[in-house]
Protein chains: 2
Amino acid sequence: MRPDARRNRDRILVAAAALVAEQGTQASLRDVARRAEVGLGTLYRHFPTREDLLAALLGRRFEELAERADALAATAPPERALTDWLHEFTLGAAAFHGLPAALLAALHDPDSALHASCDRMRTAGGRLLAAAQQGGLIRPDVTPVDLFALANALSWIADQAPTLAERSDHLFDLVLDGLRARG
Amino acid sequence: MRPDARRNRDRILVAAAALVAEQGTQASLRDVARRAEVGLGTLYRHFPTREDLLAALLGRRFEELAERADALAATAPPERALTDWLHEFTLGAAAFHGLPAALLAALHDPDSALHASCDRMRTAGGRLLAAAQQGGLIRPDVTPVDLFALANALSWIADQAPTLAERSDHLFDLVLDGLRARG
DNA sequence: ACCTGAACACCGTTCAAGT
DNA sequence: ACCTGAACACCGTTCAAGT
């Protein structure tokens, strides 16, 4: 990549990170280009779709979450590993306004730039889920997709109103309780 | 209301019902006006905000759901009444694409045209909830707002992908299970 | 190879002018 | 009283013209 192109790409990412943090996944791409002091066409050249931009913003975070799943699997007991990881995931999915919907949609759309990351999260969560189910701690009829959907739904709730965000940990406990196997 | 105004209002509602059913709560208001063969200003005169239009579209449904709560309370055992009603509510909240977010936001925004209806649903659900909690069937730390949020979240999940819609009854069972009191 | 911004086809919302 | 549509300030996306 030419150095001026690299520089533009970086400027776009910095501007997008700020604007998306402020206004959510639906932030105006024109605003992003303006803030980056870059032509609108330049933004589209580097990131043909909004998802491409989001994927670039979230790449690191998803990497870390995947590694975190492995670390928890190795150190914590199965149920603890699952609930801790899910909790961290819900925090990550709530990073941007509108992100939970984008993630849940991307999981079911192989063409989305976010698909690979979502698939990775589903797999990482699925491994922790299987281990907990093996130990008879979690209902056997819960699938990795169920887990991904519920976790995003919890992030979505917290995203709808500040009052609900305060209630978020409690709702997390309620939902997780529903996944537990009954003695 | 002048007869021509009444006629315009009705035309707008018919057009909006069709378009919102097709494209969701974010359907273009311009399209609604065009389909109703009405000037754009006429639409805004009858429905100053998008929520006003949605409220008019949903009024009947909410009335029925409120009555339904009373009927179930009188005829079914507490837990059955609660789960049946919640199930019907989730179906109603999934009537339009984007509706769950609008409802959850409106519950926390007294100025929204949808607020009264949401408040009514929260109260209706809250009564069924209290009865089930009285019987020791549901965890005492579940609030009516928790219930409203979770029900809308379930509708939201079903709204994100057809695959998830198929999984909707199962997810409903999982979440409801989390609300049950443990022996 | 890469950048730019005008051009196009859309929005939501308001409001002067009409009947 | 009520209706209309032009006007305004925005979008997302594409693409010819430039370096």
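The figures here come from the full heavy-atom set of this structure, side chains too, leaving out hydrogens, waters and symmetry mates.
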Contacts under 3.5 Å, N or O only, protein and nucleotides 17-19 of chain D:
none

D/dT13 - base-pair partner by Watson-Crick or wobble geometry, distances under 3.5 Å: C/dA7
Short side-chain to backbone donor-acceptor contact, A/R35 and A/L19, under 3.5 Å: no
I want to confirm an ordering. Mapping A/R9 and B/P48 to their closest nucleotides on DNA chain C, which one lands closer to the 5' end? A/R9
Under 4.0 Å from OP1 or OP2 of C/dC3: is there any side-chain N or O of A/N8 that close? yes
Per the under-4.0 Å heavy-atom filter, residues of residues 27-40 of chain B near DNA chain D come out as B/R30, B/V38, B/G39, B/L40
Can you tell me if A/Q134 has over 12 outside heavy atoms packed within less than 6.0 Å of its CD? no
Side chains of A/D52 and A/H46: any donor to acceptor distance under 3.5 Å? no
Using the side chain to side chain donor-acceptor pair (under 3.5 Å) rule, take B/D141 and A/H170 through it: C-alpha gap first, then chi angles, then the decisive distance, then the call. CA-CA 9 Å; B/D141 60 351; A/H170 180 243; 3.3 Å; yes
Rounded to the Å, how far apart are A/L43 CG and D/dC11 P? 13 Å
Atom-to-atom span, CZ of A/F47 to C1' of C/dC2 - whole angstrom: 15 Å
What is the separation between atom CG on A/D10 and atom P on C/dC2, rounded to the nearest whole Å? 14 Å
Under the 3.5 angstrom rule, does the side chain of A/Q133 hit a backbone N or O of A/V142 as a donor-acceptor pair? yes
Please check: side-chain N/O of B/S155 versus main-chain N/O of B/T90, any donor-acceptor pairing under 3.5 Å? yes
Atom-to-atom span, CD of A/Q26 to C1' of C/dC11 - whole angstrom: 14 Å
Strand partner of D/dC2, provided both Watson-Crick or wobble distances fall under 3.5 Å: C/dG18
Could you tell me whether the side chain of B/L137 reaches within less than 4.5 Å of the side chain of B/P78, counting heavy atoms only? yes
Can you check the B/M1 CE to D/dC3 P distance for me, whole Å? 9 Å
Between D/dC3 and B/H46, is there an OP1 or OP2 to side-chain N/O distance shorter than 4.0 Å? yes
If you look at every strand shown and take non-hydrogen atoms under 4.0 Å, does B/R45 touch a base, only sugar-phosphate, or nothing? base
Run the numbers on B/D109 and B/H115 for side chain to side chain donor-acceptor pair (under 3.5 Å), then give the verdict. CA-CA 6 Å; B/D109 175 12; B/H115 181 72; over 6 Å; no
A/Q23 atom CD is separated from D/dC11 atom P, nearest whole Å, by 9 Å
Lys/Arg N to Asp/Glu carboxylate O, B/R68 vs B/E63, below 4.0 Å: no
Rounded distance in Å - CG (A/L19) to P (D/dC11): 10 Å
Could you give the CG-to-P distance, from B/D52 to C/dG12, as a whole number of Å? 15 Å
